[in-house]
Structures are given as structure tokens and as C-alpha cells.
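Single-structure report; data block below.
Just the heavy atoms: all of them, side chains too, but no hydrogens, waters or symmetry mates, feed the values below. Since the model is a prediction, treat every value here as computed from it, not as a measurement.
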Amino acid sequence: EPEVTQTPSHQVTQMGQEVILRCVPISNHLYFYWYRQILGQKVEFLVSFYNNEISEKSEIFDDQFSVERPDGSNFTLKIRSTKLEDSAMYFCASSHIFGGDYNEQFFGPGTRLTVL
Amino acid sequence: AQSVTQLDSHVSVSEGTPVLLRCNYSSSYSPSLFWYVQHPNKGLQLLLKYTSAATLVKGINGFEAEFKKSETSFHLTKPSAHMSDAAEYFCVVTYNQAGTALIFGKGTTLSVSS
């Protein structure tokens, strides 16, 4: 069964450093998403991406964040200058738009980002 | 605007007894509703979904949920809990439109004792 994959599973970085989190969505999906979950808190939407551009973003997704689909398979989240409060589990998800249930989003296992 | 309220942050049951996890939603439009489960150190797995078809929705592992528009509720139930059901459960609401954000509740931790 196709699934969303994410790498790395755990990333440790120093405050102020840039990090790139990588995701491979399900191959026939057209919408891609990033969510984050700070430890002990609920899952929060960051951004959705379609047709090579951002379709929706939350107030969390400020200028420090960017997303990119550099090739036909990868979907990345970049944080330019990490802060302590960026420490969280980051989930990638994807969905397709054809047929019923088209907003069912399939989640990857997550990348745990720790900023020291 | 949409929102989700999970009425219990923690539910404890004994193995073999029924499970009830409560969820109320607020939505200006006809919503899609989901329950996701997260086991420790694992990702989010879809348990079941409601997308304007049958109001009683059956999911995986014996879980089901009933959409009640008059009560704006989407409670998750299971007749008999199993030890492996111990996990975090999230009620989620969204517009039934591609690309829109999922809005998560704060989660309910289900503990199952033997």
C-alpha cells in the first residue's frame, strides 16, 4: 500500500541554523501539506501546496518557513533560522482531488526536530 | 470558522468494556469529520471518516462514530476495548474541499487497563 515517507526521523540542530525536512508524498497525489505538533499540544496546520504554489497557510507559517517541490517526488519544508520554539514533530501529508473523499489526507510518520 | 472540541483529555477504561470518546464541532458549512489515532512514537493513522454519506461510520479496529448534526457531535465508540487501543485520539474537522487545512482537536488519551 502506498504511503507517505519522511526523512530524517529525528533531526537535532543548533538555534539559528537552517534545516530542511523532506517528504515523499504518495505518487498520484496532487495536494501536499505540512503540520506540526509541539510536545503535549495539538497538531497544527502550517501550509498546503498545489500546482507548485502555496494554496493556504496559517499564521505560524511566517517568513522563516518555505516549501518547495524540487522534483517530481520530493516535498520539502525549510526553516531558515531555527528557534527553540520550532522544536516539534513535523508531519507531511498528501491528498488527491479526483473522486470522492478528496480531502482525506494521508500522513507520514513525522520528523522530530529538536532545536538546542 | 471551524473548530473542534474534544470533551475529555483523558479516558480510562478496562479491557473488554465500551469506549466513548466525545467530540463536538463547529462549522459554517457541511463539514468532513475524521478521527485519527496516534500510537506512541508513531504517525497519525486514519480511523474513520464522515463525508456527508451515511451518518453512522465504521472504521478500522472495530471503531465507529455517528454524525449528529442536531447535536454537532461526532463521538467515537467501540463496544469492547483492547489493550492495543491505548493511544491518543484526535477528532478532526475540515471543509469538504481539496487542499484545505485539517483542524485538529486537542486529543484524548485513552488508557486501557487489564
Side-chain angles (χ1 to χ4, degrees), chain A residues 1 3-7 9-10 23 25-26 29-61 67 88-112, chain B residues 1-10 21 23-25 27 29-54 57-60 65 67 87-109:
Chain A
E1 186 175 330
E3 58 183 19
V4 177
T5 59
Q6 291 184 242
T7 54
S9 57
H10 192 180
C23 168
I26 294 173
H29 284 186
L30 300 175
Y31 274 91
F32 314 113
Y33 313 81
W34 284 102
Y35 292 81
R36 78 172 185 191
Q37 183 183 29
I38 295 172
L39 188 65
Q41 299 185 25
K42 64 180 178 180
V43 178
E44 301 171 292
F45 169 76
L46 293 177
V47 65
S48 62
F49 190 85
Y50 171 71
N51 199 26
N52 283 320
E53 59 184 31
I54 290 172
S55 56
E56 185 181 357
K57 62 181 181 179
S58 71
E59 62 270 17
I60 302 169
F61 193 86
V67 289
M89 180 73 90
Y90 288 81
F91 292 105
C92 173
S94 68
S95 66
H96 58 80
I97 63 170
F98 298 109
D101 304 333
Y102 45 64
N103 202 21
E104 178 179 348
Q105 297 178 21
F106 295 80
F107 283 80
T111 293
R112 180 164 297 285
Chain B
Q2 298 180 106
S3 66
V4 171
T5 302
Q6 291 185 243
L7 298 161
D8 307 292
S9 60
H10 197 169
L21 305 184
C23 172
N24 286 101
Y25 71 91
S27 177
Y29 301 92
S30 294
S32 289
L33 292 155
F34 305 83
W35 277 96
Y36 280 86
V37 62
Q38 184 181 31
H39 287 92
N41 301 313
K42 302 282 187 181
L44 295 158
Q45 181 185 19
L46 180 67
L47 266 184
L48 50 79
K49 60 195 176 198
Y50 166 77
T51 54
S52 77
V57 180
K58 293 188 186 300
I60 62 172
F67 174 72
E88 187 84 8
Y89 291 79
F90 294 97
C91 184
V92 177
V93 66
T94 188
Y95 293 114
N96 197 24
Q97 179 179 338
T100 52
L102 299 183
I103 308 300
F104 282 74
K106 290 186 177 181
T108 298
T109 302

Is atom CG of L39(A) surrounded by more than 12 heavy atoms (other residues, nucleotides or ligands) closer than 6.0 Å? no
Okay, L44(B) and chain A: the region with an atom under 4.5 Å from a heavy atom over there is both
Distance check, rounded to the nearest 0.5 Å: K42(A) atom NZ versus C91(B) atom SG? 11.5 Å
Applying a strict 4.5 Å limit to non-hydrogen atoms, the region of Q37(A) in contact with chain B is side chain
Side chain, backbone, both or neither: which part of Y35(A) has an atom under 4.5 Å from a heavy atom of chain B? side chain
How far does CD of E104(A) sit from CG of L102(B), to the nearest 0.5 angstrom? 10.0 Å
Once ring-ring contact (aromatic ring centres under 6.0 Å, His included) is applied, do any residues pair with F106(A), and if so which ones, sequence neighbours excluded? H29(A)
Just how far is it from atom CE of M89(A) to atom CD of Q38(B), taken to the nearest 0.5 Å? 7.0 Å
Contacts of F91(A) that satisfy ring-ring contact (aromatic ring centres under 6.0 Å, His included) - sequence neighbours left out: none
Between Y36(B) (side chain only) and F107(A) (backbone N and O only), is there a donor and an acceptor less than 3.5 Å apart? no
